[in-house]
Number of protein chains: 2
Amino acid sequence: MNKRAPEKMRFAALATDVVLCTVLDEKLKVLLMQIDLPPHYKNTWALPGSLIRPNETAIDTAKRLLADKAKIDPKHAYLEQLYTFSRIDRDPRNRVVSVAYLGLIPGSRAAIYERSWPKNMKWCDIEKIPSLAYDHTDMARTAVERLKSKIAYTNIAFGMMPEQFTLTELQELYEAILNKELDKRNFRRKVIDIGLIETVKNKITGVAHRPALLYRFKSKKSQIIDVL
Amino acid sequence: MNKRAPEKMRFAALATDVVLCTVLDEKLKVLLMQIDLPPHYKNTWALPGSLIRPNETAIDTAKRLLADKAKIDPKHAYLEQLYTFSRIDRDPRNRVVSVAYLGLIPGSRAAIYERSWPKNMKWCDIEKIPSLAYDHTDMARTAVERLKSKIAYTNIAFGMMPEQFTLTELQELYEAILNKELDKRNFRRKVIDIGLIETVKNKITGVAHRPALLYRFKSKKSQIIDVL
DNA sequence: GCAAAAGTGTTCAGGGTACACCCATGT
DNA sequence: ACATGGGTGTACCCTGAACACTTTTGC
């Protein structure tokens with residue numbers, strides 16, 4: 001068990017890259033970091049990535065990336081496998097096959113984590129993503145497509161909400177991801193009818209208007225549902 | 001470009017396995033082949049698989065598998081990446097990470113290809129899949145889930161139909177995959193309304209009943225549509 | 001003419017969409 | 001009292017689901 005494969009079987013390195021998304025300031029954002037690997041990439045923006053280690057599965061690597069590079073506790077994030085990129089020249093240096101992950105984190109936490117980051121790391125508005133290293137532009141595009149698609153028929157958005165939230169906040173999340181406005185009354189009826197959220201006794205306080213009821217998810221297990 | 005990664009970066013081999021599905025005799029089936037690799041697997045059924053070669057991407061390997069192992073022209077099959085399996089002990093011998101593909105082929109062709117196969121290769125009813133080598137049981141289950149799920153909202157079923165077909169044949173495909181009966185009138189109205197198929201001038205001949213109109217797909221490009 | 005599958009419309013219920021006003025709080 | 005976002009109900013339309021009989025061919 002777990003012997004290494006014979007040398008002749010191993011010609012490519014294996015990596016994992018994470019497209020970590022959040023909604024901040026009502027915009028869908030992606031975590032980017034700058035890499036400095038001349039001659040190909042000099043201070044170039046890229047997704048956080050790492051080689052998979054011998055004792056890790058791909059998702060283990062994704063979790064380690066969140067923890068080590070962004071100081072994000074993986075318990076705070078949702079991760080799902082996105083796609084495996086195997087183009088032969090995707091890394092100009094060596095043959096590297098990458099198992100990409102889609103990650104989601106609540107905007108409230110994203111803002112806090114950001115404060116502990118160095119300059120070469122940031123949340124980047126998906127409308128303003130610069131040209132990225134490797135095939136990371138493809139990865140980011142694939143992730144955003146997946147997210148937009150899955151938000152309409154699964155509860156995946158739950159990975160981007162804090163423990164407690166108002167219905168308006170939930171609606172703003174959907175609007176940011178889908179990039180269109182939704183009807184308030186229809187949205188509220190729908191999410192309540194689905195039955196995956198419940199009210200908390202508390203109301204929000206300290207706002208200069210009628211305080212909103214707080215809700216939480218009954219379960220965070222991923223499910224297929226018809227959200228919108 | 002395309003240099004090999006340094007030795008220390010390479011600890012795992014990379015493979016591709018294909019879950020090739022078809023509908024034959026109104027049953028959803030998967031291509032299995034027997035492998036004989038003592039001591040772990042002695043005449044054990046498995047999915048067709050191979051290591052990825054240095055000059056191949058993952059999908060290149062999937063196409064080569066179809067051609068070499070099953071003598072299937074990859075042009076006759078639809079292939080999409082399914083999931084990457086990276087459990088550390090998934091191969092009891094060596095560390096191997098596998099990029100699994102979902103493949104589809106029309107039943108009419110599946111029946112023909114089958115005749116050229118040796119004894120250790122067969123279409124297996126998905127209800128009767130034996131215990132498979134490696135984590136191939138997981139792969140097969142994942143593929144069938146994906147297929148059942150995507151058939152309801154994409155035109156993926158098109159990959160399993162011959163050039164020309166009757167609406168009844170198309171309906172039988174859906175019924176076999178979803179494992180439930182559909183209403184004839186509603187089904188026909190729906191697929192015609194969607195507008196992805198058109199009639200061919202010919203009718204089917206030589207049947208002891210009213211001959212059915214033949215249809216074909218206007219396009220085989222994969223699309224998101226609301227089929228059922 | 002009989003067997004066997006092809007082909008065809010209508011009704012009903014439920015869900016999605018569009019839309020406007022009063023409520024509770026902080027200042 | 002006023003500004004700000006919170007919270008609520010109804011009417012219409014469209015889609016999905018249920019359902020039975022006539023038509024065309026081969027034998």
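Below, all heavy atoms of this structure are taken into account, side chains as well, without hydrogens, waters or symmetry copies. Per chain, numbering begins at 1; letters A, B, ... match sequence-line order.
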Heavy atoms from C-beta onward define the side chain here; which of C:dA24, C:dA6, C:dG9 lies closest to that of B:Arg189?
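That would be C:dG9.
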Would you indicate which nucleotide in D:dG7, D:dC19, C:dA24 comes nearest to any side-chain atom of A:His209?
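It is C:dA24.
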Hey, does the side chain of A:Arg210 come within less than 4.0 Å of D:dT4's phosphate (OP1/OP2), counting only N and O?
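For D:dT4, neither OP1 nor OP2 has a side-chain N or O of A:Arg210 closer than 4.0 Å.
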Side-chain N or O of B:Thr168 closer than 4.0 Å to phosphate OP1/OP2 of C:dA5:
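No.
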Non-neighbouring partners of A:Phe187 that pass ring-ring contact (aromatic ring centres under 6.0 Å, His included), sequence neighbours left out:
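A:Phe187 satisfies ring-ring contact (aromatic ring centres under 6.0 Å, His included) with A:Tyr174 only.
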Provide, to the nearest angstrom, the distance between the [atom1] atom belonging to [X] and the [atom2] atom belonging to [N].
X: A:Asn186; N: D:dT8; atom1: CG; atom2: C1'; answer: 12 Å
X: A:Leu213; N: D:dG7; atom1: CG; atom2: C1'; answer: 9 Å
X: B:Arg188; N: D:dA17; atom1: CZ; atom2: P; answer: 17 Å
X: A:Leu182; N: C:dG16; atom1: CG; atom2: P; answer: 13 Å
X: A:Glu181; N: C:dT17; atom1: CD; atom2: P; answer: 15 Å
X: A:Ile204; N: D:dG6; atom1: CD1; atom2: P; answer: 8 Å
X: B:Ile225; N: D:dT15; atom1: CD1; atom2: P; answer: 15 Å
X: B:Phe187; N: C:dT8; atom1: CZ; atom2: P; answer: 15 Å

Ring-face cation contact, B:Trp117 with B:Lys69, 6.0 Å cut, 45° max:
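The answer is no, since B:Lys69 fails at least one limit relative to B:Trp117.
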Identify whether NZ of Lys or CZ of Arg in B:Lys27 sits under 6.0 Å from the centre of the six-membered ring of B:Trp123 and within 45° of that ring's axis.
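Checked: cation-pi criterion not met.
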Donor-acceptor pair present, A:Arg185 side chain and C:dA20 base, under 3.5 Å
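Donor-acceptor pair under 3.5 Å: yes.
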Taking all heavy atoms of A:Ser131 and all of A:Thr44, pick out the closest pair and write down the distance.
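Closest pair (atom of A:Ser131, atom of A:Thr44, distance): O-CG2, 4.3 Å.
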Side chains of A:Thr57 and B:Arg87: donor-acceptor distance under 3.5 Å anywhere?
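Distance-only check fails for A:Thr57 and B:Arg87.
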Quick one: on DNA chain D, does A:Pro211 or A:Asp183 contact a more 5' nucleotide (nearest heavy atom)?
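Checking each residue's closest nucleotide, the 5'-ward one belongs to A:Pro211.
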Answer with base, sugar-phosphate or nothing: what part of the nucleic acid does A:Leu167 contact at a heavy-atom distance below 4.0 Å?
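It contacts nothing in the nucleic acid.
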A:Lys190 near the nucleic acid: base, sugar-phosphate alone, or nothing, with a heavy-atom cut-off under 4.0 Å?
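Sugar-phosphate contact only - A:Lys190 comes under 4.0 Å of backbone atoms but never of a base.
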